[in-house]
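Notes for the one structure printed next.
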Amino acid sequence: MSATAARTPARVFSGVQPSGLPHLGNYLGAFRNYIAMQEGNDEIICIVDYHALTSTHDAELIRRNTYEMALGLLALGLDPDKAVLFRQSDRPEHAELAYLLSTVVPVSWVERTPSFKEKKRTQPDDVNHALLTYPVLQTADIAIYKCRYVPVGKDQAAHLELAREIIRAWNVRYGAVFVEPEAVFTDSPIVKGTDGIQKMSKSLGNVVEIFAPEEVIRKQITSMVTDTQRILRTDPGRPEICNVCQLHRFFGDDYETIWEGERTARTGCVDTKRLLADRVLGAFSEARDRRAELAARPGYVEEVLRAGAERLAPMARETLRETHERMGLGGSEAPAAGAPAS
Ligand code: TYM
């Protein structure tokens with residue numbers, strides 16, 4: 001499904017880790033769709049601070065980064081009158097549902113998740129239990145509001161596939177309560193980082209941060225790796241494999257002319273990077289102003305997050321009630337007469 005194809009109001013959910021300032025990967029891979037899909041749908045966007053605890057154990061950092069990410073999303077155009085924005089830990093029902101769903105999840109399913117394997121490699125001294133169950137909590141985030149569409153980058157595809165399997169397994173055992181979610185991608189589902197090889201990611205330190213000071217953004221962009229086979233200024237470039245050229249596709253409609261300049265060596269990599277920096281700064285200048293305005297309103301972000309969590313309370317509680325009932329938790333009028341105790 002494309003973002004614009006959703007004509008009737010549909011339930012949309014997505015989550016983002018509180019990793020601080022949003023970067024171009026977040027925006028081009030996912031946030032653009034959050035903003036497009038808030039029109040005419042019931043959209044819920046969550047800052048997943050529980051998830052962040054799998055890798056960050058600094059309370060102050062989690063709090064600050066949660067604020068930063070929420071502020072960034074609002075500045076980029078997420079509208080609290082159209083979409084619900086909230087903090088995961090303000091709705092602890094997510095954690096309970098994750099536990100309940102985990103009872104139908106074979107350990108082998110979570111052990112083979114690519115992100116778990118990756119974390120075992122990148123944080124070998126902190127392979128905590130919550131890392132293993134990370135995708136189950138992610139499933140609960142979506143399932144608790146019975147959301148169907150999930151705008152995400154391609155790096156989340158395996159988590160979404162697992163979410164579908166978990167929900168299917170639970171529904172088969174207890175009855176069709178939950179909806180199988182579908183990922184929704186943009187036309188840039190994997191944005192590469194400044195190294196030109198790996199996906200752009202805060203933890204890899206290869207980001208272009210949308211709200212960093214201007215000189216930092218310029219530095220991040222000029223540090224980008226381009227076509228590694230283009231050694232001399234006179235060598236022809238290959239825009240198809242140059243990350244800077246690829247990013248130009250999203251910042252102006254003349255990217256083919258820019259690509260042609262590279263191919264014919266009329267322009268050099270430095271020119272193309274400078275132009276990209278100007279365009280990125282231009283594209284986000286309004287958002288940067290809005291961010292400054294919102295940041296100057298004391299308590300605004302906190303108010304939005306709290307109100308969002310409040311709005312979701314009835315839905316979260318109702319789903320848990322239904323889940324308890326199906327799973328045999330809580331009291332009932334009377335045990336079925338004559339049922340043998342075993
Ligand atoms: P997170 O915080 O890593 O990223 C937030 C969103 O940004 C997308 N993204 C990218 N897309 C393309 N190219 C990139 N280089 C890039 N970097 C980030 C991600 O795909 C994501 O959509 N596990 C999730 C958070 C989560 C969630 C959920 C998502 C928790 N519960 C429920 C959807 C539904 C994560 O860590 O995203």
Check the hydrophobic clustering (I, L, V, M, F, W, Y; side-chain heavy atoms under 4.5 Å; chains of links allowed) and say if Leu78 and Val84 are grouped together.
no
Take the angle between the ring planes of Phe13 and His94 and call it parallel below 30°, perpendicular above 60°, tilted in between.
tilted
Is there side-chain contact between Leu21 and Arg291, with heavy atoms separated by less than 4.5 Å?
yes
Passing option when Leu24 is tested against Glu209, Gln220, Met200 for side chain to side chain contact (heavy atoms under 4.5 Å, CB included):
Met200
In short, Arg148 meets Glu180 closest at the heavy-atom pair NH1-O, 3.7 Å
Any donor-acceptor N/O pair, Thr186 side chain to Leu28 backbone, under 3.5 Å:
yes
Quick one: do Thr319 and Lys146 satisfy side-chain hydrogen bond (donor to acceptor under 3.5 Å, both in side chains)? Show the steps, please.
CA-CA 8 Å; Thr319 307; Lys146 302 186 179 172; 4.9 Å; no
SB check Arg121 Glu118 (cutoff 4.0 Å)
yes
With a 4.5 Å cut-off on side-chain heavy-atom distances among I, L, V, M, F, W and Y, is there a chain of contacts connecting Tyr145 to Tyr99?
yes
Determine whether a donor-acceptor pair (N or O, by modelled atom type, separation under 3.5 Å) exists between the side chain of Lys154 and the backbone of Phe185.
no
Give a yes or no on whether a salt bridge exists between Arg238 and Glu240, defined as a side-chain N under 4.0 angstrom from a carboxylate O.
no
Do Ser55 and Asp126 have side chains that approach each other closer than 4.5 Å (heavy atoms only, starting at C-beta)?
no
What do the steps show when you test Met315 against Ile144 for side chain to side chain contact (heavy atoms under 4.5 Å, CB included), and what is the final call?
CA-CA 8 Å; Met315 225 194 298; Ile144 200 157; over 6 Å; no
Counting only N and O atoms by type, is there a donor-acceptor contact under 3.5 Å from the side chain of Asn171 to the main-chain atoms of Arg168?
no
Using a strict cut-off of less than 4.0 Å between a Lys/Arg side-chain nitrogen and an Asp/Glu carboxylate oxygen, indicate whether Glu303 and Arg297 qualify as a salt bridge.
no
Nearest heavy atoms of Asn65 and Pro18, plus distance in Å
CB-O, 3.1 Å
What's the spacing between Leu100 CG and His324 NE2 if we round to 0.5 Å?
5.5 Å
Backbone of Met37 reached by a side-chain donor or acceptor of Asn41 within 3.5 Å
yes
Side chain to side chain contact (heavy atoms under 4.5 Å, CB included) assessment of Arg218 paired with Arg274:
CA-CA 8 Å; Arg218 289 196 184 278; Arg274 279 207 191 112; 5.8 Å; no
Which heavy atom of Thr226 sits nearest a heavy atom of Cys269, and at what distance?
OG1-SG, 3.4 Å
With the 4.5 Å side-chain cut-off for hydrophobic clustering, are Val244 and Trp259 part of the same group?
no
Ring geometry between Tyr34 and Phe31 (parallel below 30°, tilted from 30 to 60°, perpendicular above 60°):
tilted
Is any side-chain heavy atom of Arg266 less than 4.5 Å from a side-chain heavy atom of Asp271?
no
Against Ile44, only a single residue in Leu85, Ile142, Leu312, Asp141 fulfils side chain to side chain contact (heavy atoms under 4.5 Å, CB included); can you say which?
Leu312
Is there a side chain to side chain contact (heavy atoms under 4.5 Å, CB included) between Arg288 and Leu281 once you walk through the steps?
CA-CA 9 Å; Arg288 292 162 70 85; Leu281 284 161; 4.2 Å; yes
Are Phe211 and Leu294 grouped together when hydrophobic residues (ILVMFWY) are joined by side-chain heavy atoms under 4.5 angstrom apart?
yes
Student check: side-chain heavy atoms of Gln17 and Thr56 closer than 4.5 Å
no
Could you give the distance from OH (Tyr50) to OH (Tyr134), rounded to the nearest 0.5 Å?
14.5 Å
Using the side chain to side chain contact (heavy atoms under 4.5 Å, CB included) definition, which of the options Asp278, Thr272, Val280 pairs with Leu276?
Val280
Do Leu320 and Trp170 sit in one hydrophobic cluster, given that two such residues count as connected whenever their side-chain heavy atoms are within less than 4.5 Å of each other, even indirectly?
yes
Do any N or O atoms from the side chain of Asp254 and from the backbone of Thr257 form a donor-acceptor pair under 3.5 angstrom?
no
So, Arg249 and Ser188: side-chain donor and acceptor under 3.5 Å apart, yes or no?
no
Asp155 side chain vs Ile190 backbone, donor-acceptor pair below 3.5 Å:
no
Sidechain N-carboxylate O distance under 4.0 Å for Glu215, Lys219:
no
In this structure, are over 12 heavy atoms from other groups packed under 6.0 Å from Arg112 atom CZ?
yes
Answer yes or no: is there an ion pair linking Glu68 with Lys202, defined by an N-O contact shorter than 4.0 Å?
no
Drop me the distance from Leu76's CG to Leu71's CG, to the nearest 0.5 angstrom.
9.5 Å
Look only at the side chain of Asn33 and the backbone of Ala30, and say whether a donor-acceptor pair between them is shorter than 3.5 Å.
no
With the side chain counted from C-beta on, respond yes when Val16 and Ile47 share a heavy-atom pair under 4.5 Å apart, and no when they do not.
yes
side-chain hydrogen bond (donor to acceptor under 3.5 Å, both in side chains) assessment of Ser89 paired with Asp49:
CA-CA 6 Å; Ser89 60; Asp49 53 350; 2.6 Å; yes
Checking Asn206 side chain against Lys199 main chain: does a donor-acceptor pair fall under 3.5 Å?
yes
Short N-O contact, Arg321 and Glu318, less than 4.0 angstrom
yes
In the structure I gave you, are the side-chain heavy atoms of Thr194 and Val208 within less than 4.5 Å of one another anywhere?
yes
Do the charged groups of Lys82 and Glu43 touch, with an N to O distance under 4.0 Å?
no
Please test Arg263 against Glu260 for salt bridge (Lys or Arg N to Asp or Glu O under 4.0 Å), starting from the C-alpha separation and ending with a verdict.
CA-CA 5 Å; Arg263 263 192 213 107; Glu260 200 44 36; 3.0 Å; yes
Looking at Arg64 and Asp58, does any basic side-chain N land under 4.0 Å from a carboxylate oxygen?
no
Less than 3.5 Å apart, any donor N or O on the side chain of Ser115 or Thr113 sitting next to an acceptor on the other?
no
Salt bridge present between Glu302 and Arg306 (N-O < 4.0 angstrom)
yes
Close side-chain approach of Val127 to Phe116, heavy-atom, < 4.5 Å
yes
Any Leu247 side-chain heavy atom under 4.5 Å of Met224 side chain:
yes
When rounded to the nearest 0.5 Å, the distance separating OG1 of Thr54 from CG of Leu132 is 11.5 Å
Would you name the heavy atoms of Val191 and Gly25 that are closest together and state the gap between them?
CB-CA, 3.8 Å
Pro239 backbone acceptor or donor facing Gln246 side chain under 3.5 Å
yes
Worked verdict on Glu325 versus Tyr174 for side chain to side chain contact (heavy atoms under 4.5 Å, CB included)
CA-CA 10 Å; Glu325 190 178 291; Tyr174 294 107; over 6 Å; no
Heavy-atom closest pair (Val301 atom, Ala70 atom, distance to 0.1 Å) is CG1-CB, 3.7 Å
